[in-house]
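Contents: one structure, followed by commentary.
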Protein chains: 2
Amino acid sequence: METVIPLSTVCPSSDERVTLFALLLDTNARLSRSFAVRLEETCALPLAWFEVLLQLRRTPEGSLKMNEVAEAIVHSTGGTTRLIDRLEEAGLVQRQLCPSDRRAIHVAITAQGNLKLDDALSVHMGYLEEHLSSRLTCDERAELTVLLTKLNATR
Amino acid sequence: METVIPLSTVCPSSDERVTLFALLLDTNARLSRSFAVRLEETCALPLAWFEVLLQLRRTPEGSLKMNEVAEAIVHSTGGTTRLIDRLEEAGLVQRQLCPSDRRAIHVAITAQGNLKLDDALSVHMGYLEEHLSSRLTCDERAELTVLLTKLNATR
DNA sequence: GACAAGTTATTGCATCTGCAACTATAGTGG
DNA sequence: CCACTATAGTTGCAGATGCAATAACTTGTC
């Protein structure tokens with residue numbers, strides 16, 4: 001229980017939490033942008049495509065329903081429809097009918113998509129070597145993972 | 001010096017660093033989206049506008065050049081031009097000629113912009129109370145700030 | 001079984017953003 | 001003073017995304 005007026009009341013724009021939130025936005029923006037540029041240059045793969053392929057590989061079945069993709073990559077369902085359109089057009093994923101629910105669509109990664117993802121992942125590893133491993137120790141990365149996981153908790 | 005093949009060679013998609021990078025993207029996407037929704041509902045203020053106003057308040061002079069704004073919020077200069085167009089149209093900022101360099105434009109926050117930002121900051125503090133303070137202790141937030149700062153280092 | 005309500009994906013439309021080309025101005029070396 | 005190069009900002013254009021409306025299907029209730 002605080003009995004004094006916190007600094008934030010005096011100057012919210014320099015409040016410790018406001019600064020942290022801004023730092024999170026900024027760090028994400030810079031890292032994701034610089035990685036997106038590299039991925040585009042080396043693999044001709046948009047970051048959003050990479051995210052989709054990565055999420056698909058992370059599921060045991062290698063496929064997700066449209067709304068699960070949207071949830072996983074934090075897009076609207078409408079946006080996800082067009083995104084998957086483009087990935088399918090490029091032959092990296094495939095829409096499959098769901099036998100148990102005719103409204104649902106399964107999005108499955110194709111062989112070509114797997115190859116592309118392998119490519120992208122090797123680029124990603126190199127990028128992370130440069131931008132993660134060189135800046136944070138292994139322990140620090142573990143600590144950051146714990147903190148972001150807590151922060152990311154849905155409740 | 002490692003003498004064994006690291007796990008990442010076997011399965012990059014579950015490499016500790018790949019997971020951390022994905023976690024950073026995900027955490028940022030969820031937090032910024034949910035805050036953007038609240039800001040839009042309560043203040044009718046797009047998140048990008050809030051970012052601009054906050055950056056302007058953080059400078060001693062209350063103004064930045066166009067390219068400094070672009071750098072601060074991680075936008076292209078072209079995108080920043082339109083963004084400032086909209087903010088100026090709404091009366092929240094003002095373009096000012098720079099006496100020493102006739103190419104440059106100073107973007108200054110207006111009185112109305114300051115009021116709007118005060119509004120938004122009070123909403124922001126409430127949001128952070130719910131989503132930051134409830135999930136991370138003060139020490140954890142300080143630790144996260146340190147880690148993100150290291151990660152964000154330009155080099 | 002039939003209707004109401006909920007769920008899933010898609011589409012029209014509007015908006016936002018980046019890239020590359022362009023204009024205007026500043027700095028530099030002769 | 002004159003090129004030449006670099007920098008600041010804007011604009012045309014194309015692409016990506018969200019929202020709301022819609023169509024197709026499922027589930028629950030009577």
- Message: So which atom in A:A70 and which in A:T80 form the shortest heavy-atom distance, rounded to 0.1 Å?
- Response: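 Scanning both residues completely, I find the closest heavy atoms to be CB-OG1, 3.2 Å.
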Anything under 3.5 Å between a protein N or O and an N or O of nucleotides 19-26 of chain D, put it in a table, one pair a line.
residue, atom, partner, partner atom, Å
D:dC25, O2, A:R103, NH1, 3.4
D:dT26, OP1, A:R102, N, 3.3

Please report, rounded to the nearest Å, how far the [atom2] atom of [N] is from the [atom1] atom of [X].
X: B:L97; N: D:dA8; atom1: CG; atom2: P; value: 16 Å
X: A:E89; N: D:dG15; atom1: CD; atom2: P; value: 13 Å
X: A:D85; N: D:dT17; atom1: CG; atom2: C1'; value: 13 Å

Main-chain N/O of [Y] paired to [X] side chain as donor or acceptor, under 3.5 Å:
X: A:T27; Y: A:L24; result: no
X: B:R141; Y: B:L136; result: yes
X: B:R33; Y: A:V74; result: yes

- Separation of B:K116 NZ from B:L53 CG (nearest 0.5 Å):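 Interatomic distance, B:L53 CG to B:K116 NZ, rounded to 0.5 Å: 9.5 Å.
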- Check the pair B:E140, B:R135 against salt bridge (charged side-chain N to carboxylate O under 4.0 Å, His left out), reporting the backbone distance first and the verdict last. CA-CA 9 Å; B:E140 287 172 331; B:R135 296 175 185 178; over 6 Å; no
- Query: Do the ring centers of A:F21 and B:H131 come within less than 6.0 Å of each other?
  - Reply: no
- For DNA chain C, note the earliest and the latest nucleotide, 5' to 3', having some atom under 4.0 Å of a heavy atom belonging to chain A. C:dG6 to C:dG18
- Task: Specify the angle, to 10°, made by the local axes at the two ends of the helix from C:dG1-D:dC30 to C:dG30-D:dC1 when five pairs are taken at each end.
- Result: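 That helix has its two terminal axes inclined by roughly 20°.
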- Task: State, with a plain yes or no, whether a side-chain heavy atom of B:L121 is found less than 4.5 Å away from one of B:R57.
- Result: yes
- Message: Quick one, A:T145 and A:T149 - any side-chain contact, counting heavy atoms below 4.5 Å?
- Response: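 A side-chain contact under 4.5 Å exists here.
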- Task: Kindly check if the number of other-residue, nucleotide or ligand heavy atoms within 6.0 Å of CD (B:E89) is above 12?
- Result: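 No, the 6.0 Å shell around CD holds no more than 12 heavy atoms from other groups.
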- Where along residues 38-66 of chain A does a heavy atom fall under 4.0 Å from DNA chain C? A:K65, A:M66
- Task: Could you point out which residue of B:V93, B:N114, B:L117 forms a side chain to side chain contact (heavy atoms under 4.5 Å, CB included) with B:L56?
- Result: B:V93
Determine all donor-acceptor pairs shorter than 3.5 Å in which one atom belongs to a side chain in residues 34-45 of chain B; sequence neighbours excluded.
residue, atom, partner, partner atom, Å
B:S34, OG, B:R30, O, 3.4
B:S34, OG, B:L31, O, 3.3
B:S34, OG, B:Y127, OH, 2.4
B:R38, NH1, B:E130, OE2, 3.0
B:R38, NH2, B:E130, OE1, 3.1
B:R38, NH2, B:E130, OE2, 3.3
B:T42, OG1, B:R38, O, 2.8

- Message: According to side chain to side chain contact (heavy atoms under 4.5 Å, CB included), who are the partners of A:H106, at least two apart in sequence or on a separate chain?
- Response: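 Once residues adjacent in sequence are excluded, the partners of A:H106 under the side chain to side chain contact (heavy atoms under 4.5 Å, CB included) criterion are A:S63, A:K65, A:Q96, A:C98.
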